[in-house]
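First up is the structure itself, then whatever we jot down about it.
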Amino acid sequence: MLDFIPMRFIPVRLWAFAIFSGALQVLPYPIAGPVPVWRTAFCWVAVTPLLLALTGKDAHGLPLRAYQGAALGYASGFVWYLGNCYWIYETMHLYGGIAKPAAAGILILFCLYLGLYHALFGALIVSLRRVKLGRHNLGVQGALLICPFAWVAVELARARITGFPWDQLGITQVDNILLTRLAPYCGAYGLSFVIAAVNALWLLRITLKQRRFTRMAVALSCTGIILLYVYSLRLIQPSLHEGTEAAVTLVQENLEVGAMADSSGPPLTQSDMLRSFSELSLFPPMGESCNGIPELTGTLCTGMEPEKHNAGAEDIRHLLPTDLIVWPEAPNDFIVIDPPLRETLSSEEFRTAISGLARAANTPIIVGSFGIDADSAVKRGYDEYNSANFIQSDGSFIGRYDKMHLVPFGEYTPYKSLFFFAGNLLQDVGLLDPGKHRTVFTTGGHTYGTFICYESVFGDEIRQYSNHGSDVLVNISDDGWYGDTSAAWEHLNMVRMRAIENHRWILRATNTGVTAAIDPNGRVVTSIPRHRRTSLHAGFNYEHDITFYSKYGDIFAYFCVLVTACGLGLGLLRKVAQEG
């Protein structure tokens with residue numbers, strides 16, 4: 001018993017390495033705004049201190065055991081999630097109306113829960129190190145070689161088991177046009193693999209020769225590579241499209257969210273909102289746009305002063321031809337009830353206004369709303385969905401996509417019976433139902449695939465729209481819940497990765513921003529400033545090719561799981577054989 005825990009403790013320096021690694025892993029991602037290019041370079045060394053800890057030895061000079069590796073990984077993961085997802089506190093408190101202590105407690109529990117995946121990674125690396133090959137263990141070198149496979153395997157588990165693959169390691173390199181060439185084949189997992197491999201490479205080089213001058217040479221080489229990397233990204237630009245064949249009008253409604261809406265004065269009525277948003281759909285402000293990601297150094301934003309825009313002077317309005325109008329997901333009372341015979345007055349007003357807008361613009365529309373279907377088989381008598389409605393240019397409602405991947409603890413409570421101890425804490429959590437199938441919208445010879453908010457995190461789901469014939473993707477979202485935290489920018493980068501994986505334009509309409517047109521290289525071609533009630537008139541193209549990733553999905557990530565499992569299985573078989 002003494003040999004199990006008290007005597008074989010983990011040296012303080014290994015804890016320091018693990019915690020330092022967790023802090024470093026925060027830096028390549030947005031923190032309080034869009035991430036500058038120079039900070040994305042930290043991803044190439046951020047995991048290295050954790051690997052240094054996992055391949056270290058305990059106080060007795062013996063290799064770590066699996067539970068010790070899990071403890072180190074857990075510490076690193078907790079710190080990373082605390083820094084990367086700190087926005088959960090603000091979302092729960094300011095926008096969810098939850099008291100500060102409870103909001104802080106939710107954030108801590110969230111980090112403790114998802115930190116288990118870093119713990120799994122730590123246990124895997126330590127276990128792989130102890131795998132026997134003949135007379136010898138796989139050792140540090142072997143474990144480091146399998147490290148990138150294990151990292152991707154754990155990322156896949158995060159997506160499949162918990163359903164929260166937020167900020168994969170590969171997302172940090174969405175602006176690296178050399179590395180993102182892997183995404184159409186391997187998805188973001190391919191980028192994660194390369195980054196994890198480079199992090200392991202530094203230790204392989206150091207371990208091969210322990211002489212002091214060699215370590216100095218490696219450090220200098222690492223520094224030089226990072227500087228060259230940052231300099232190259234500034235010089236190299238993705239190929240720009242010569243022209244665009246179609247145009248879209250993206251409306252940014254800028255409605256207050258949650259508890260903030262209650263403290264910002266009288267809310268707009270549905271009639272007010274329909275009138276205001278229809279006006280922005282028909283008359284986008286001329287020249288009000290950014291030539292890249294808003295609030296990022298080097299991005300130029302032009303347009304009118306807010307006072308002039310809000311005044312709505314007739315002399316600055318122009319009816320611009322557009323091929324599509326998109327309204328975002330937003331905290332409004334827009335409802336579509338099916339069948340229409342069961343319409344309420346509110347739903348009828350919404351249908352009438354949207355149909356009239358489609359006819360006035362002679363343009364199809366995609367608009368977010370709640371969708372309600374009568375269902376006598378359920379207790380409340382109906383199913384309620386977070387939906388995107390498709391309206392033809394003649395004003396007819398021809399279809400609806402119901403969000404399939406809901407936000408846990410936001411739109412529904414998973415395994416609610418297990419959270420009986422939470423009392424009334426979860427009573428205000430949404431009671432939405434998940435959609436049953438993916439729906440695409442075909443009009444004018446082109447097909448649009450629409451995904452809603454949180455669904456953009458799941459590459460394997462978004463790629464199915466390309467397989468269903470979509471030649472452009474539409475993302476509607478409400479990032480107002482995140483306030484001015486890092487989450488809106490993190491979300492944008494994940495959407496950009498979906499564009500690269502599928503080689504599709506993504507037309508993104510959000511409630512508070514970032515509203516943008518994103519090209520197949522993941523580049524934000526044009527956008528509008530956040531926290532403005534306005535609209536964006538942007539060009540785009542239709543794409544028809546099917547990438548390898550669109551067709552086959554996460555096959556590379558599953559291959560990484562297989563390699564990791566084979567490494568562990570080999571060790572288990574040899575152990576059983578020896579005991580037998």
Side-chain angles (χ1 to χ4, degrees), residues 9-29 39-58 63-85 111-130 138-158 166-173 189 191-207 215 218-219 222 226 560 564 567-568:
F9 64 89
I10 303 171
V12 174
R13 62 183 178 83
L14 298 189
W15 286 110
F17 285 144
I19 294 171
F20 179 56
S21 177
L24 280 181
Q25 289 173 57
V26 175
L27 295 179
Y29 299 95
R39 245 190 27 233
T40 64
F42 279 100
C43 75
W44 300 107
V45 296
V47 184
T48 301
L50 174 60
L51 294 175
L52 191 60
L54 296 175
T55 55
K57 296 181 179 180
D58 67 12
L64 299 177
R65 293 186 176 183
Y67 72 87
Q68 293 172 316
L72 290 171
Y74 198 30
S76 181
F78 178 85
V79 172
W80 180 71
Y81 277 108
L82 191 64
N84 183 259
C85 296
C111 297
L112 289 172
Y113 178 39
L114 288 179
L116 291 171
Y117 287 101
H118 270 62
L120 174 60
F121 175 75
L124 286 173
I125 296 301
V126 169
S127 299
L128 287 166
R129 178 185 179 182
R130 299 170 70 93
L138 191 60
V140 171
Q141 306 294 331
L144 290 175
L145 288 173
I146 301 178
C147 160
F149 295 95
W151 184 276
V152 171
V154 171
E155 283 195 342
L156 182 65
R158 191 151 53 99
W166 190 269
D167 272 350
Q168 296 164 291
L169 192 57
I171 299 296
T172 63
Q173 295 303 296
Y189 293 110
L191 282 70
S192 295
F193 181 90
V194 173
I195 297 169
V198 171
N199 275 270
L201 177 64
W202 305 131
L203 292 185
L204 281 170
R205 293 294 303 273
I206 292 173
T207 305
R215 292 198 294 271
V218 170
C222 179
I226 291 173
C560 290
T564 306
L568 293 173

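In what follows, every heavy atom counts, from backbone to side chain, and hydrogens, waters and symmetry copies are set aside.
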Give me the atom names and distance for the closest heavy-atom approach of S127 to A123. OG-O, 2.7 Å
Hits for side chain to side chain donor-acceptor pair (under 3.5 Å) against T564, two or more places apart or cross-chain, chain-then-number order -> none
OG1 (T55) and CG (L64) are apart, to the nearest 0.5 Å, by 8.5 Å
Point-to-point distance, once rounded to the nearest 0.5 Å, from CD1 of I146 to SG of C560: 11.5 Å
Mind listing the closest non-hydrogen atom pair of R129 and G56 along with its distance? NH1-O, 2.7 Å
State the CH2-SG distance between W80 and C85, to the nearest 0.5 angstrom. 6.0 Å
side-chain contact (heavy atoms from CB on, under 4.5 Å) between W166 and N84, intermediate numbers included: CA-CA 9 Å; W166 190 269; N84 183 259; 3.5 Å; yes
From CG (N199) to CG (L52), nearest 0.5 Å: 11.5 Å
Residue set satisfying ring-ring contact (aromatic ring centres under 6.0 Å, His included) with F121, at least two apart, ordered chain then number -> W151
Between K57 and P11 the two heavy atoms that sit nearest each other are O-CG, 3.5 Å
Quick one: are C147 and I125 in side-chain contact, heavy atoms under 4.5 Å? yes
Residue pair G567 / L128: nearest heavy atoms and the distance that separates them: C-CD2, 3.9 Å
What distance separates L82 CG from L114 CG, expressed to the nearest 0.5 Å? 12.0 Å
Which atom pairs, donor and acceptor, lie under 3.5 Å between side-chain atoms of residues 13-29 and protein residues at least two apart or in another chain?
{"from": "S21", "atom 1": "OG", "to": "Q25", "atom 2": "NE2", "distance (Å)": "3.0"}
{"from": "S21", "atom 1": "OG", "to": "A46", "atom 2": "O", "distance (Å)": "2.6"}
{"from": "Q25", "atom 1": "OE1", "to": "H118", "atom 2": "NE2", "distance (Å)": "3.0"}
{"from": "Q25", "atom 1": "NE2", "to": "S21", "atom 2": "O", "distance (Å)": "3.3"}
{"from": "Q25", "atom 1": "NE2", "to": "S76", "atom 2": "OG", "distance (Å)": "3.3"}
{"from": "Y29", "atom 1": "OH", "to": "D167", "atom 2": "O", "distance (Å)": "3.3"}
{"from": "Y29", "atom 1": "OH", "to": "Q168", "atom 2": "O", "distance (Å)": "3.1"}

Report the distance from atom CD1 of I195 to atom CG of L169, rounding to the nearest 0.5 Å. 4.0 Å
Any side-chain heavy-atom pair from Y74 and L116 closer than 4.5 angstrom? yes
Apply the test side-chain contact (heavy atoms from CB on, under 4.5 Å) to residues L203 and V140: give CA-CA distance (whole Å), side-chain angles for both, the deciding distance (0.1 Å), then the verdict. CA-CA 9 Å; L203 292 185; V140 171; over 6 Å; no
